[in-house]
Amino acid sequence: MDAVEEILTLPGGPTRVRWRRHAAARRVSLRIDLRGGGVVVTLPARAGRRAGMALLMTHADWVAARLAALPTAIPFADGVEIPIDGVRHRIRHLPKGDPEGARGSVWRAGGVLHVTGGGAFLPRRVGDFLRAEARRRLVALAQAKAASLGVRPARISIKDTRTRWGSCTRAGVLSFSWRLVMAPPFVQDYVAAHEVAHMRHMDHGPRFWALVETLTPWRAEGMRWLRDEAAQLLRIG
């Protein structure tokens with residue numbers, strides 16, 4: 001599998017297009033890259049670029065409409081507001097030498113995320129802080145829920161996935177998107193329960209959903225929030 005990215009002029013204007021060739025794909029397909037703000041064209045092994053362009057042009061209006069509806073991209077920058085646990089926090093940069101910086105490199109207090117050091121390092125420091133917070137919370141949630149079932153994850157990873165908030169392999173490896181730390185706690189709880197339940201049931205059958213509901217009271221609310229609100233998280237950072 002490989003990927004090539006380029007800017008193409010479509011009827012809706014210049015558009016970032018990422019071409020992916022995937023041996024397991026059965027047909028040419030399109031999807032919107034919520035994080036990057038472009039469109040991804042997936043080609044099966046025997047399909048050429050011409051087939052991808054044909055599908056892209058046939059659905060050009062759909063692509064333009066979906067891209068126009070994406071939430072505004074929010075960078076990690078001084079003065080910008082980002083959610084943590086679903087609560088807005090303003091990023092405040094404290095330049096090197098500021099006396100308040102003695103408290104640490106990154107901390108939050110009173111709805112403000114304080115970040116010390118050189119301005120060039122601010123995005124990385126914010127990202128590192130959020131990833132560490134995500135690891136602390138999601139690992140604890142998953143371990144507690146797994147213990148209640150009498151199972152133990154082989155490993156728990158925190159990643160920056162584009163299409164999944166969590167996953168579970170047959171070997172018991174759990175993975176979660178670090179961006180979940182920006183979602184409300186009930187969403188984090190639901191996703192942890194969902195993936196831990198897969199350690200017993202790898203499908204999405206009735207027994208799986210029944211088990212999810214024993215692990216969290218937030219199934220309906222969590223699913224609804226992810227459906228309606230989660231796209232914004234992919235546009236941050």
Side-chain angles (χ1 to χ4, degrees), residues 1-76 123-124 127-128 130-131 134-135 138 153-183 191 194-195 198-199 201-205 208 223 226-237:
M1 180 173 60
D2 51 20
V4 176
E5 188 171 293
E6 63 181 325
I7 302 297
L8 295 179
T9 301
L10 301 181
T15 304
R16 180 180 292 107
V17 178
R18 189 157 61 97
W19 299 88
R20 297 175 67 247
R21 187 168 297 282
H22 201 304
R26 296 183 177 182
R27 58 185 178 82
V28 180
S29 64
L30 305 177
R31 70 171 175 83
I32 300 300
D33 179 2
L34 299 179
R35 191 172 77 183
V39 59
V40 179
V41 183
T42 299
L43 301 173
R46 295 178 179 274
R49 178 187 171 93
R50 180 177 298 180
M53 283 299 300
L55 186 65
L56 191 57
M57 296 305 293
T58 298
H59 294 85
D61 290 343
W62 174 84
V63 169
R66 289 292 304 277
L67 292 178
L70 285 179
T72 302
I74 300 175
F76 292 149
R124 178 179 60 79
D128 288 347
L130 293 177
R131 284 171 172 80
R135 176 173 297 281
L138 293 166
R155 187 172 71 253
I156 303 176
S157 300
I158 302 300
K159 299 182 177 182
D160 189 8
T161 52
R162 292 174 180 264
T163 58
R164 290 185 176 186
W165 298 108
S167 64
C168 174
T169 71
R170 292 190 179 277
V173 176
L174 304 181
S175 298
F176 298 99
S177 169
W178 68 264
R179 295 173 183 274
L180 285 168
V181 76
M182 296 187 283
V191 175
H194 185 114
E195 301 312 330
H198 275 313
M199 296 184 70
H201 306 290
M202 288 301 292
D203 58 14
H204 287 97
F208 167 80
M223 293 179 69
L226 289 172
R227 181 193 66 207
D228 297 339
E229 308 290 342
Q232 64 183 310
L233 303 186
L234 295 169
R235 302 287 286 159
I236 299 174

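Every value quoted in this text rests on a predicted model; they were computed, and no experiment measured them. The residues of the chain are indexed from 1 along the displayed sequence.
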In this structure, which one of Arg135, Lys159, Glu195, Arg164 forms a side-chain contact (heavy atoms from CB on, under 4.5 Å) with Phe176? Glu195

Would Leu30 and Leu55 satisfy side-chain contact (heavy atoms from CB on, under 4.5 Å), going step by step from the backbone distance to the final call? CA-CA 8 Å; Leu30 305 177; Leu55 186 65; 3.7 Å; yes

Aromatic plane relationship, His194 with His204 - under 30° parallel, 30 to 60° tilted, over 60° perpendicular: tilted

Interatomic distance, NE2@His198 vs OG1@Thr169, rounded to 0.5 Å, equals 11.5 Å

Quick one: do Met53 and Leu8 satisfy side-chain contact (heavy atoms from CB on, under 4.5 Å)? Show the steps, please. CA-CA 10 Å; Met53 283 299 300; Leu8 295 179; 3.8 Å; yes

Arg179 and Trp165: side-chain contact (heavy atoms from CB on, under 4.5 Å), yes or no, with the steps? CA-CA 8 Å; Arg179 295 173 183 274; Trp165 298 108; 3.9 Å; yes

For a quick test of reading the model, state the closest non-hydrogen atom pair linking Ala231 to Leu34 and the distance between them. CB-CD1, 4.2 Å

One should read off an interatomic distance between Ser175 OG and Ile158 CD1, to the nearest 0.5 angstrom, of 8.0 Å

Can you tell me how far CG of Leu67 sits from OG1 of Thr15, rounded to the nearest 0.5 angstrom? 6.0 Å

Is the backbone of Ile32 close enough, under 3.5 Å, to the side chain of Arg66 for a donor and an acceptor to pair up by distance? no

Mind listing the closest non-hydrogen atom pair of Leu233 and Ala183 along with its distance? CD1-CB, 4.0 Å

Between Ile7 and Pro14 the two heavy atoms that sit nearest each other are CG2-CB, 4.0 Å

Output yes when a side-chain donor or acceptor of His201 lies under 3.5 Å from a complementary backbone atom of Asp203, and no otherwise. no

Which pair of non-hydrogen atoms, one from Ala171 and one from Ala154, has the smallest distance, and what is that distance? O-CB, 3.4 Å

For the side chain of Arg18 and the backbone of Val41, is there at least one donor-acceptor N/O pair under 3.5 Å apart? no

Applying side-chain contact (heavy atoms from CB on, under 4.5 Å) to Met223 and Leu226, what does each step give before you reach the verdict? CA-CA 5 Å; Met223 293 179 69; Leu226 289 172; 5.9 Å; no

With sequence neighbours left out, what residues match Arg227 under side chain to side chain contact (heavy atoms under 4.5 Å, CB included)? Arg224

State, with a plain yes or no, whether a side-chain heavy atom of Ile74 is found less than 4.5 Å away from one of Arg235. no

Does any pair with a residue in residues 40-51 pass side-chain hydrogen bond (donor to acceptor under 3.5 Å, both in side chains), and if so which ones, sequence neighbours excluded? Glu6-Arg49, Arg20-Thr42

Compare every heavy atom of Gly48 with every heavy atom of Leu43, then report the nearest pair and how far apart it is. CD2-O, 3.8 Å

I'd like to check the side-chain hydrogen bond (donor to acceptor under 3.5 Å, both in side chains) partners of Trp178; sequence neighbours left out, ordered by chain and number. Asp160

Give a yes or no on this: more than 12 heavy atoms of other residues, nucleotides or ligands lie within 6.0 Å of atom CG of Asp61. no

If I take atom CG from residue Leu56 and atom CG from residue Leu10, how far apart are they, to the nearest 0.5 angstrom? 5.0 Å

Taking every heavy atom of Gly37 against every heavy atom of Leu70, the minimum-distance pair comes out as CA-CD1, 3.8 Å

Taking atom CG of Leu174 and atom OG of Ser157, what is their separation to the nearest 0.5 Å? 8.5 Å

Please report the interatomic distance CG(Leu234) to CE(Met182), rounded to the nearest 0.5 Å. 8.0 Å

